[in-house]
Amino acid sequence: MESSMKKAVVERRSRLLYLSMRRREKIRKAIMDKRMEIQRHIRHRMYILNKMKRLAHTFQPPPSSPSRPSSPSRPSLMRHYSPAEPKSDWWERVVTKEFHPQDWLNTFHLTKDTFDLLCDQLRPEVKDPTCHVSLEKRVAMVILRLATNLDYLSIGDLLGTSSTTVIKCVRDVCNIIVTVLKPLFIHQPSEQELEEIAAAFNTQWGFPHCVGVIDSLHISVKSQSQTSDGWNSKGWPSTVVQGVVNGRGHFWDIRVGFSGSTDDATILQGSELWMLAREGGLSPKTPHKLMGQPLGYVLLGDAAFPLQTWLLKCYPESPQLTPQQRTFNTQLSQARTPIEVTFRRLKARWQCLKRNNSNAALIPVMTQACCILHKCVR
């Protein structure tokens with residue numbers, strides 16, 4: 001009896017020691033994550049500062065042009081204009097007359113031809129008689145906000161209008177982009193399109209019957225409270241966008257507007273894609289055969305998603321995995337490359353997806369607009 005009690009005490013001490021060590025490790029990891037987050041914010045602020053300096057350098061006039069001193073409070077993008085010149089001269093003279101193709105790419109992250117095409121597509125829907133800003137300027141405001149993440153005041157200075165007008169234009173034009181362009185560029189593929197996607201995916205990535213890769217991206221946002229459910233598992237406030245891309249990295253399904261604490265499975269299970277796939281919408285009427293067995297189309301996900309007949313993920317890591325299972329894991333991991341590359345390119349082209357301080361109601365619309373523009377301006 002006494003020996004058993006001693007054994008129980010030893011086991012309990014060992015357990016407490018283990019829990020204590022685990023707790024210390026969690027605290028240490030949390031401190032390191034916080035330090036990394038602080039460093040990330042510092043690098044982001046330095047990037048924005050350097051970006052504004054590069055833009056200011058791009059907009060420098062010839063040596064003979066008069067200049068006025070910039071504001072000491074923040075880098076001015078209008079430093080080359082004299083007091084007699086209107087602020088909007090940057091658009092009328094510099095952009096429309098002096099910008100070279102590379103200037104368009106550096107400033108707006110798209111070409112002049114793409115910008116004109118975008119304006120033509122949106123022109124029939126942009127009918128606000130209370131706004132006296134031209135369509136081209138409105139679209140330019142939106143692209144500058146999405147591509148460079150400049151604040152509304154700086155964009156207003158560049159285009160000769162108030163920050164309030166910029167906010168209104170960004171909200172209205174982003175909503176129009178979602179309404180007009182989303183059905184054209186991001187939609188459920190037809191059966192013929194699914195067959196073409198599967199064939200192209202198999203050719204490029206060596207994974208048969210696959211029509212897409214699914215994953216989620218966290219976008220850093222401002223938060224009013226540290227106790228908000230908008231904080232993700234890494235300890236910073238975010239909103240989530242979940243997307244499905246084909247083998248070429250083209251979106252054909254997106255969901256936006258979820259708080260950072262929402263897990264991937266919950267987002268998927270509340271989507272139209274989930275209902276469609278459960279009802280056989282991802283399978284052809286006559287299932288194709290793989291190794292003699294009929295098989296519908298599948299999506300590829302990571303460990304956060306629920307395993308389904310139409311949604312595959314890797315086997316959990318274990319020493320007991322067979323060589324065939326390890327080969328399957330390797331192949332599936334490689335086949336998920338398109339979504340990883342797409343998210344990296346998406347954040348590189350549209351800087352507002354790295355850190356968005358806009359109103360919470362506007363962020364989902366801006367995110368959808370970024371995904372749509374990312375596909376239509378390729």
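In this chain, residues are counted from 1 in sequence order.
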Side chains of [X] and [Y] in contact at under 4.5 Å (non-hydrogen atoms):
{"X": "Leu311", "Y": "Leu268", "answer": "yes"}
{"X": "Lys137", "Y": "Glu92", "answer": "yes"}
{"X": "His250", "Y": "His374", "answer": "no"}
{"X": "Thr330", "Y": "Gln334", "answer": "yes"}
{"X": "Gln188", "Y": "Trp252", "answer": "yes"}
{"X": "Val166", "Y": "Leu159", "answer": "no"}
{"X": "Phe185", "Y": "Ile177", "answer": "no"}

Measuring from atom [atom1] of [X] to atom [atom2] of [Y], what distance do you get when rounded to the nearest 0.5 angstrom?
{"X": "Met366", "Y": "Ile219", "atom1": "CE", "atom2": "CD1", "answer": "9.5 Å"}
{"X": "Lys234", "Y": "Ser220", "atom1": "NZ", "atom2": "OG", "answer": "12.0 Å"}
{"X": "Arg355", "Y": "Ser238", "atom1": "CZ", "atom2": "OG", "answer": "10.5 Å"}
{"X": "Leu153", "Y": "Thr164", "atom1": "CG", "atom2": "OG1", "answer": "10.0 Å"}
{"X": "Asn232", "Y": "Thr239", "atom1": "CG", "atom2": "OG1", "answer": "10.5 Å"}
{"X": "Lys375", "Y": "Lys182", "atom1": "NZ", "atom2": "NZ", "answer": "12.0 Å"}

Give the ring-plane orientation class for [X] versus [Y], where under 30° counts as parallel, over 60° as perpendicular and anything between as tilted.
{"X": "Phe343", "Y": "Phe251", "value": "tilted"}
{"X": "Phe108", "Y": "Phe115", "value": "tilted"}
{"X": "Phe99", "Y": "Trp104", "value": "perpendicular"}

Thr111 and Asp113: CA distance, side-chain angles, deciding distance, side-chain hydrogen bond (donor to acceptor under 3.5 Å, both in side chains) verdict: CA-CA 5 Å; Thr111 64; Asp113 291 339; 5.4 Å; no
So which heavy atom on [X] is nearest to which on [Y], and how close?
{"X": "Gln351", "Y": "Lys347", "answer": "NE2-O, 3.6 Å"}
{"X": "Arg145", "Y": "Asn357", "answer": "NH2-N, 4.2 Å"}
{"X": "Pro306", "Y": "Gln269", "answer": "CG-NE2, 3.7 Å"}
{"X": "Asp264", "Y": "Gln242", "answer": "O-NE2, 3.2 Å"}
{"X": "Ser318", "Y": "Arg326", "answer": "O-NH2, 3.0 Å"}
{"X": "Leu373", "Y": "Arg349", "answer": "O-NH1, 4.4 Å"}

When the side chains of residues 194-206 are checked against the rest of the protein, which donor-acceptor pairs come out under 3.5 Å, sequence neighbours left out?
{"from": "Glu196", "atom 1": "OE2", "to": "Gln192", "atom 2": "NE2", "distance (Å)": "3.2"}
{"from": "Thr203", "atom 1": "OG1", "to": "Ala199", "atom 2": "O", "distance (Å)": "2.9"}
{"from": "Trp205", "atom 1": "NE1", "to": "Gly247", "atom 2": "O", "distance (Å)": "3.1"}

May I have the step-by-step check of side-chain contact (heavy atoms from CB on, under 4.5 Å) for Gln102 and Leu105, ending in yes or no? CA-CA 5 Å; Gln102 191 60 42; Leu105 289 175; 4.1 Å; yes
So does Gln325 have more than 12 non-hydrogen atoms from other groups sitting under 6.0 Å from CD?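 Correct, the count exceeds 12.
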Under 3.5 Å: donor-acceptor pair, side chain of [X], backbone of [Y]:
{"X": "Thr179", "Y": "Ile176", "value": "no"}
{"X": "Asp215", "Y": "Asp302", "value": "no"}
{"X": "Arg255", "Y": "Ile267", "value": "yes"}
{"X": "Asn329", "Y": "Tyr315", "value": "yes"}
{"X": "Trp91", "Y": "Ala140", "value": "no"}
{"X": "Arg138", "Y": "Val133", "value": "yes"}
{"X": "Asp103", "Y": "His100", "value": "yes"}

Would you say [Y] ends up clustered with [X] if hydrophobic residues are merged whenever their side chains have heavy atoms under 4.5 Å apart, either directly or through other cluster members?
{"X": "Val245", "Y": "Phe305", "value": "no"}
{"X": "Phe258", "Y": "Val365", "value": "no"}
{"X": "Leu332", "Y": "Ile339", "value": "yes"}
{"X": "Leu300", "Y": "Val341", "value": "no"}
{"X": "Leu362", "Y": "Val142", "value": "yes"}

Kindly indicate, with the supporting measurements, whether the criterion side-chain hydrogen bond (donor to acceptor under 3.5 Å, both in side chains) is fulfilled by Thr262 and Ser259. CA-CA 6 Å; Thr262 310; Ser259 63; 3.1 Å; yes
Can you check side-chain contact (heavy atoms from CB on, under 4.5 Å) on Ile155 and Thr148, steps first, answer last? CA-CA 10 Å; Ile155 296 174; Thr148 67; 5.5 Å; no
Show the numbers, then the answer: is there a side-chain contact (heavy atoms from CB on, under 4.5 Å) between Tyr152 and Ser358? CA-CA 10 Å; Tyr152 296 111; Ser358 300; 3.0 Å; yes
Begin with the C-alpha distance, continue with both residues' side-chain angles, and end with the deciding distance and a verdict on side-chain contact (heavy atoms from CB on, under 4.5 Å) for Ile143 and His109. CA-CA 8 Å; Ile143 300 300; His109 296 185; 6.0 Å; no
Matching residue for Ile372 among Ile186, Val180, Thr367 - test: side chain to side chain contact (heavy atoms under 4.5 Å, CB included):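 Passing option: Ile186.
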